[in-house]
Amino acid sequence: MAHQYAFEKLAVWQEAKSLTLAIYKFTNSFPEEEKFGLISQMRRCSISVCSNIAEGSSRSTAKDQSHFYTMAYSSLMELLNQSIISYELSFLPEDQNYKIRSDIEKISFKLNQLRKSTMKN
């Protein structure tokens, strides 16, 4: 197996990556006219969460790390907003909406813990 980078070992990154894969699958069923709307936005937000966690973990100062974890959290909240709208437009079935919300809640808690831990250093 190839070398693992620090971010790959973080449970919060692993969960964010799983959420990203789920978002890609869930948005496949959205209406075609949403290709450049909600589909694109939700996919970019979910990838942004993973990417900011990865980038933050590579930063050498606690301030830089915290900044990227805050950006990841912001993207996560943007994704929550878009999933709420998608559900209310009947693009997301209730079970998928519940899974996304549940995953976002778990990830947001872990992100906040990670951010707080960097500020203690």
Partner residues of [X] under the side chain to side chain contact (heavy atoms under 4.5 Å, CB included) criterion, sequence neighbours left out:
{"X": "Thr27", "value": "Ile23, Phe30, Ile39, Met42, Arg43"}
{"X": "Arg101", "value": "Leu80, Ile84, Asn97"}
{"X": "Gln113", "value": "Phe109, Lys116"}
{"X": "Ser57", "value": "Phe7, Leu10, Tyr69"}

Could you state the interatomic distance from [atom1] ([X]) to [atom2] ([Y]), rounded to the nearest 0.5 Å?
{"X": "Cys50", "Y": "Leu19", "atom1": "SG", "atom2": "CG", "value": "7.5 Å"}
{"X": "Ser18", "Y": "Ile107", "atom1": "OG", "atom2": "CD1", "value": "8.0 Å"}
{"X": "Ser86", "Y": "Gln96", "atom1": "OG", "atom2": "CD", "value": "10.5 Å"}

What closest approach, in Å, do [X] and [Y] show between heavy atoms, and which atom pair accounts for it?
{"X": "Tyr73", "Y": "Ser108", "answer": "CE1-CB, 3.5 Å"}
{"X": "Arg115", "Y": "Ser66", "answer": "CG-OG, 3.2 Å"}
{"X": "Cys45", "Y": "Leu79", "answer": "CB-CB, 4.0 Å"}
{"X": "Met77", "Y": "Ile104", "answer": "CE-CG2, 4.0 Å"}

Measuring only between side-chain heavy atoms, which start at C-beta, is Ser83 closer than 4.5 Å to Leu92?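 Heavy-atom side-chain distance check passes, below 4.5 Å.
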Considering only heavy atoms from C-beta outward, does the side chain of Ile53 approach that of Leu111 to under 4.5 Å?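 Yes, at least one pair of side-chain atoms sits under 4.5 Å.
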Residues two or more places apart in sequence or in another chain: which of them pass salt bridge (charged side-chain N to carboxylate O under 4.0 Å, His left out) with Glu55?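 Scan of Glu55 (salt bridge (charged side-chain N to carboxylate O under 4.0 Å, His left out), adjacent residues dropped) gives Arg59.
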CD/Glu8: more than 12 non-hydrogen atoms of other groups inside 6.0 Å: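 Yes, enclosed.
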Within 6.0 angstrom of Glu94 CD, more than 12 heavy atoms from elsewhere: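 Atom CD in Glu94 is not packed in, count stays at 12 or less.
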Among the clusters formed by ILVMFWY side chains lying less than 4.5 Å apart, do Phe91 and Tyr87 turn up in the same one?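 Same cluster.
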Using ring-ring contact (aromatic ring centres under 6.0 Å, His included) as the criterion, list what pairs up with Tyr5, not counting sequence neighbours.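 ring-ring contact (aromatic ring centres under 6.0 Å, His included) list for Tyr5, sorted by chain: His3.
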Would you call Asp95-Lys99 a salt bridge at under 4.0 Å N-O?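 Between Lys99 and Asp95 there is no salt bridge, as every charged N stays at least 4.0 Å from the carboxylate O atoms.
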Stepwise salt bridge (Lys or Arg N to Asp or Glu O under 4.0 Å) test for Glu15 and Lys106: CA-CA 8 Å; Glu15 291 177 23; Lys106 291 174 197 167; over 6 Å; no
